[in-house]
Amino acid sequence: MTKPPMLTAQQALNHLLSHAQAVIENEKVAMQAALGRVLSENVNSLVDVPPLDNTSMDGYAVRTADTQNAGSILKIAQRIPAGSMGMQLEPGTVARIFTGAPVPPGSDAVVMQEDCATDSETNQVTINIAPTSGQWIRRRGEDLTAGKTCLTAGTFLRPQELGVAASAGLTHLNVKRRVRVAAFFTGDELALPGEPLKPGGIYNSNRDTLLACLKSLGCDATDLGIVPDRLDATRAALRKASKDHDLIITSGGVSVGEEDHIKPAVTAEGRLDLWQIAIKPGKPLAFGAVRKSDEPKDGEAWFIGLPGNPVSSFVTFLLFVRPFILKLQGREAKLPQSYFMRADFDWLKADRRNEFLRVKINDQGGLDLFPNQSSGVLTSASWGDGLLDCPPNQPIKTGDLVKYIPFDALLK
């Protein structure tokens, strides 16, 4: 029987995202606990920001009717620091005013102090320019309007969004609960850093890489450790992981060797919907679900099995797990913007699969290629600052425009 063609990267991503649904539970948290969370509802401002027309410059509040010509000499009638209210500005007078202070009634422009000359003996000021109406005045509500939406549901809360919410007068925000992800790692050759290595053993780099990726996305991540290369142990780990988690991630055991038990274990404990995709690195990617119990009403935990090679594991997390988690969080789930950039290298051994090469922007504005693109060389990802998305069967020559995806965007 002829095998069906493997899914492309886009087909695989579409398949995963078609199954993901945002978690429905919400909670209210204090502002300082909201960083890295996702809003569950729109936020409306409680106040106008700014609350009154105010000056964006230190200078003098004036009536443009009094300052139609450069060189007008006017009396300084009042002084208005930030946090104070001025009096009605009478014709022929100005108000000394400081950044953020409300402009006094009757004024319609501010002249910054660099364009003025003050005579302290006469308490007068010479306005050396003819201002226009509205100059250097920030209008009431030009940033936020009371009762209007200032942040929308699904927004990932960064420091700047918390600043907007604080400006709006909020002390607490309603957010989605954190997505709960369990991770475990298969391979009898694996050891944790600090442990002695047995002959043929290696340190488990995927644990720290993937858990850090999960935490950077704001997930509640549970580390279930290294699981022995046995079918019974793998099934037991899946059952444990499914109980209180939305998603299970594994690394290793998804190939077709005699010691690769993920496929039969997931099939026994749930279902497997996707197996292998046409990308390099990362061909052995698995997707399915694991039953939470024998009762159908208890539902399932989603399952994504990543390859064991460290670069394959890292790249497939960025391309597939990250957008899947974004959708679980109620965020927009798609690959970040890519950019066409110049290749400053030759890559003539084109693969029949979609390749994701580790590259770095050089001082000339082009892309350099890490010399060893093996899926086991994690230093290529540390050296690089992004991925080059190379279509199947497409060689690259120096000077070609290629599609570049920065790590900064993939790791947000």
Colleague: Is it the case that the side chains of Arg358 and Gln373 hold a donor-acceptor pair, with the cut-off being a distance below 3.5 Å and no angle test?
Modeller: yes
Colleague: In terms of heavy-atom contacts, does CD of Gln21 have more than 12 from other residues, nucleotides or ligands at under 6.0 Å?
Modeller: no
Colleague: Could you go through Asp53 and Arg138, starting from their C-alpha distance and side-chain angles, then the distance that decides it, and tell me whether this counts as salt bridge (charged side-chain N to carboxylate O under 4.0 Å, His left out)?
Modeller: CA-CA 6 Å; Asp53 292 354; Arg138 297 182 289 210; over 6 Å; no
Colleague: Atom CG of Leu170 and atom CE of Met31: how far apart are they, to the nearest 0.5 Å?
Modeller: 5.5 Å
Colleague: Could you list all the salt bridge (Lys or Arg N to Asp or Glu O under 4.0 Å) pairs where at least one residue sits in residues 389-402, not counting sequence neighbours?
Modeller: none
Colleague: Tell me, which pairs form a salt bridge (Lys or Arg N to Asp or Glu O under 4.0 Å) where one or both residues lie in residues 212-221, sequence neighbours left out?
Modeller: none
Colleague: With the side chain counted from C-beta on, respond yes when Ser338 and Lys403 share a heavy-atom pair under 4.5 Å apart, and no when they do not.
Modeller: yes
Colleague: Name all residues meeting the side chain to side chain contact (heavy atoms under 4.5 Å, CB included) criterion together with Asp244; count only those two or more places apart in sequence or in a different chain, and write none if there are none.
Modeller: none
Colleague: Sequence neighbours left out, what passes side-chain hydrogen bond (donor to acceptor under 3.5 Å, both in side chains) with Asn44? Give chain and number order.
Modeller: Thr149
Colleague: Over all heavy atoms of both residues, which pair between Ser251 and Asn206 is shortest? Give the atoms and the distance, please.
Modeller: OG-ND2, 2.8 Å
Colleague: If you count heavy atoms of other groups shown closer than 6.0 angstrom to CH2 of Trp136, is the number above 12?
Modeller: no
Colleague: Hey, is Asp66 close enough to Arg63 for a salt bridge, meaning N to O under 4.0 Å?
Modeller: yes
Colleague: Return each pair, listed once, that meets ring pair (Phe, Tyr, Trp, His ring centres under 6.0 Å) where at least one residue sits in residues 359-393; pairs must be two or more places apart or across chains.
Modeller: Phe370-Trp383
Colleague: With the threshold set at 4.0 Å, does a side-chain nitrogen-carboxylate oxygen contact exist between Asp48 and Arg140?
Modeller: yes
Colleague: Any side-chain heavy-atom pair from Thr8 and Asn354 closer than 4.5 angstrom?
Modeller: no
Colleague: Gln364 and Arg342: side-chain donor and acceptor closer than 3.5 Å?
Modeller: no
Colleague: Using the side-chain hydrogen bond (donor to acceptor under 3.5 Å, both in side chains) criterion, which residues pair with Asn372? Sequence neighbours excluded.
Modeller: none
Colleague: Return the minimal non-hydrogen interatomic distance between Val179 and Gln329, and the atom names on each side.
Modeller: CG2-CG, 3.5 Å
Colleague: Can you list every ring pair (Phe, Tyr, Trp, His ring centres under 6.0 Å) pair that touches residues 7-44, not counting sequence neighbours?
Modeller: His15-His19, His15-Phe287, His19-Phe287, His19-Trp302
Colleague: To the nearest 0.5 Å, how far apart are CZ in Arg235 and NE2 in His261?
Modeller: 12.5 Å
Colleague: If you compare all heavy atoms of Pro105 against all heavy atoms of Gly86, which two are closest, and at what distance to 0.1 Å?
Modeller: CD-O, 4.0 Å
Colleague: Heavy atoms, side chains only, cut-off 4.5 Å: are Val175 and Asn26 in contact?
Modeller: no
Colleague: How would you list, by chain and number, every residue that makes a side-chain hydrogen bond (donor to acceptor under 3.5 Å, both in side chains) with Ser72, sequence neighbours excluded?
Modeller: none
Colleague: Can you list every salt bridge (Lys or Arg N to Asp or Glu O under 4.0 Å) pair that touches residues 272-286, not counting sequence neighbours?
Modeller: Arg271-Asp273, Lys280-Asp351
Colleague: Does Arg180 come within less than 4.0 Å of Asp246, counting only side-chain N to carboxylate O?
Modeller: no
Colleague: Any chance the side chains of Asp115 and Asn128 put a donor and an acceptor closer than 3.5 Å?
Modeller: no
Colleague: Search all heavy atoms of Ile80 against all heavy atoms of Pro102 and return the closest pair with its distance.
Modeller: CG2-O, 3.9 Å
Colleague: Looking only at heavy atoms, which two atoms of Thr316 and Pro281 are closest? And how far apart?
Modeller: CG2-O, 4.4 Å
Colleague: Is any side-chain heavy atom of Leu144 closer than 4.5 Å to one of Val164?
Modeller: yes
Colleague: With a 4.5 Å cut-off on side-chain heavy atoms, are Asn174 and Leu39 touching?
Modeller: no
Colleague: What pair of heavy atoms forms the shortest contact from Ala182 to Leu224, and how long is it?
Modeller: CB-CD1, 4.0 Å
Colleague: Report yes if some heavy atom in the side chain of Leu272 is under 4.5 Å from a heavy atom in the side chain of Leu274; otherwise report no.
Modeller: no
Colleague: Within the structure provided, determine whether Phe317 and Leu217 are in side-chain contact (heavy-atom separation under 4.5 Å).
Modeller: yes
Colleague: Any Lys/Arg nitrogen of Arg291 or Glu300 sitting under 4.0 Å from an Asp/Glu carboxylate oxygen of the other?
Modeller: no
Colleague: Can you tell me which residue pairs pass the salt bridge (Lys or Arg N to Asp or Glu O under 4.0 Å) test with a partner in residues 18-43, sequence neighbours excluded?
Modeller: Glu25-Arg177, Glu27-Arg37
Colleague: Which residues pass the ring-ring contact (aromatic ring centres under 6.0 Å, His included) test with Phe407, sequence neighbours left out?
Modeller: Phe314
Colleague: Taking side chain as C-beta onward, heavy atoms only, is Tyr339 less than 4.5 Å from Pro406?
Modeller: yes
Colleague: Under the rule for side-chain hydrogen bond (donor to acceptor under 3.5 Å, both in side chains), what residues qualify as partners of Ser40, not counting sequence neighbours?
Modeller: none
Colleague: Before you tell me yes or no, could you show the steps for Leu387 and Tyr404 under side-chain contact (heavy atoms from CB on, under 4.5 Å), namely the whole-Å CA-CA distance, both residues' side-chain angles and the distance that decides it to 0.1 Å?
Modeller: CA-CA 6 Å; Leu387 298 174; Tyr404 167 77; over 6 Å; no
Colleague: Do Asn42 and Thr152 have side-chain N/O donor and acceptor atoms under 3.5 Å apart?
Modeller: no
Colleague: Nearest 0.5 angstrom please: Phe185 CZ to Leu192 CG, how far?
Modeller: 9.5 Å
Colleague: Is there a side-chain contact (heavy atoms from CB on, under 4.5 Å) between Leu190 and Ile202? Walk through the geometry before answering.
Modeller: CA-CA 5 Å; Leu190 297 178; Ile202 58 172; 3.9 Å; yes
Colleague: Going by distance alone, is a donor N or O of one side chain under 3.5 Å from an acceptor N or O of the other, for Trp347 and Gln394?
Modeller: no
